[in-house]
Amino acid sequence: MWGPDLEYVDEWTFPLLPDSGMGAPTQMVDACVAVGSDLHWRRSGAHLDLDRLRWTLSLHETGVVGLGVNSSGPRPRLKASNVDERTLGIARYTVDLHMDLSLAEATVVIADIVQTELAGYPPWVEWPVEEKRLLWPTVVDGGAVWRDPRTDRAVAPIGLLAARQDD
């Protein structure tokens with residue numbers, strides 16, 4: 001989905017799991033880090049090269065935040081493979097993303113954007129999954145969690161999916 005044509009006052013690009021936010025709004029960087037941490041776990045489908053993934057946050061003077069996610073940078077030289085590889089390219093996605101969101105709300109919005117993009121276009125990547133169901137990002141008691149839609153159980157806080165692998 002294309003966002004409104006806005007002029008941005010600042011923009012930051014950083015890796016999937018940055019050492020710092022480089023001056024970007026803290027709750028947005030922390031939300032990206034939580035979602036990025038979980039991208040390593042419970043994926044099904046095409047290969048996703050997370051080493052190339054970069055976040056871009058663009059701030060508009062009204063407080064609207066544009067989210068860009070891109071994994072289509074230079075590929076490392078590897079032997080050819082017949083495995084489909086999924087690249088991720090979301091450019092300035094602004095629906096529901098605003099500076100006034102809490103960390104939990106921003107995390108859920110970013111998780112939903114990334115999940116929708118991965119599952120919505122071929123080659124598909126279903127993420128994160130519990131058994132064969134996509135988990136839904138939602139806010140519960142002020143925290144961002146992955147919820148199982150069948151059992152309505154909070155599976156793990158977003159950003160801590162790896163800690164729940166043995167459950």
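In this structure, OG on Ser44 lies 9.0 Å from CG on Leu134, to the nearest 0.5 angstrom. Remark: Leu48 CG to Trp127 CH2 distance equals 10.0 Å, nearest 0.5 Å. Between atom CH2 of residue Trp41 and atom CH2 of residue Trp146 there is a gap of 15.0 Å, rounded to the nearest 0.5 Å.
Closest approach of Ala156 and Leu161 over heavy atoms only: CB-CD1, 3.9 Å. The shortest heavy-atom contact between Ala104 and Gly142 is CB-O, 3.4 Å. For the residue pair Val125 and Ala46, the shortest heavy atom distance occurs at CG2-O, 3.4 Å. Minimum heavy-atom separation, Gly159 to Ser37: O-CB, 3.9 Å.
A continuous path of hydrophobic side-chain contacts links Val35 to Trp12 [ILVMFWY only; heavy atoms under 4.5 Å]. By the criterion of side-chain heavy atoms lying less than 4.5 angstrom apart, applied directly or through intervening Ile, Leu, Val, Met, Phe, Trp or Tyr residues, Leu101 is not grouped with Val145; the two fall into different hydrophobic clusters. In terms of hydrophobic clustering, with Ile, Leu, Val, Met, Phe, Trp and Tyr side chains grouped at heavy-atom distances under 4.5 Å, Ile110 and Leu103 are assigned to different clusters. The hydrophobic cluster containing Leu50 also contains Val29, counting ILVMFWY residues as joined when their side-chain heavy atoms lie under 4.5 angstrom apart, directly or transitively. Under a hydrophobic clustering in which Ile, Leu, Val, Met, Phe, Trp and Tyr are joined whenever their side-chain heavy atoms come within less than 4.5 Å, directly or via other members, Leu17 and Ile158 fall into the same cluster.
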Could you check Leu16 against Arg54 for side chain to side chain contact (heavy atoms under 4.5 Å, CB included), going step by step and ending with a plain yes or no?
-> CA-CA 5 Å; Leu16 178 67; Arg54 301 286 180 264; 5.9 Å; no

After noting the C-alpha distance and the side-chain angles of Leu53 and Asn70, does the key distance pass the side chain to side chain contact (heavy atoms under 4.5 Å, CB included) rule?
-> CA-CA 5 Å; Leu53 195 137; Asn70 193 316; over 6 Å; no

Does the pair Trp55 and Thr13 meet the rule for a side chain to side chain contact (heavy atoms under 4.5 Å, CB included), with working shown?
-> CA-CA 6 Å; Trp55 300 102; Thr13 299; over 6 Å; no

Take Asp10 and Leu57 through the test side chain to side chain contact (heavy atoms under 4.5 Å, CB included) and record every step on the way to the result.
-> CA-CA 8 Å; Asp10 215 339; Leu57 294 174; over 6 Å; no

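Under a 3.5 Å cut-off, the side chain of Arg133 and the backbone N or O of Val129 do not form any donor-acceptor pair. Between the His98 side chain and the Thr62 main chain, a donor and an acceptor come within less than 3.5 Å of each other. A donor-acceptor pair is defined here as one N or O able to donate and one able to accept, closer than 3.5 Å; no such pair exists between the side chain of Trp136 and the backbone of Pro149. One N or O on the side chain of Gln27 and one on the backbone of Met99 form a donor-acceptor pair closer than 3.5 Å.
Salt-bridge formation is detected for the pair Glu130/Arg153: a Lys NZ or Arg NE/NH1/NH2 atom is positioned less than 4.0 Å from an Asp or Glu carboxylate oxygen. In this structure, Glu126 does not pair ionically with Arg42, as no charged nitrogen and carboxylate oxygen lie closer than 4.0 Å.
Side-chain contact between Ser20 and Phe14 is absent, with no heavy atoms from C-beta onward closer than 4.5 Å. Contact of the Thr138 side chain with the Val140 side chain is registered, since non-hydrogen atoms from C-beta on lie closer than 4.5 Å. Here the side chains of Leu67 and Cys32 are in contact, with some heavy-atom distance below 4.5 Å.
Residue pairs satisfying the side-chain hydrogen bond (donor to acceptor under 3.5 Å, both in side chains) criterion with at least one member in residues 102-115, sequence neighbours excluded, are listed as follows: Ser102-Glu105.
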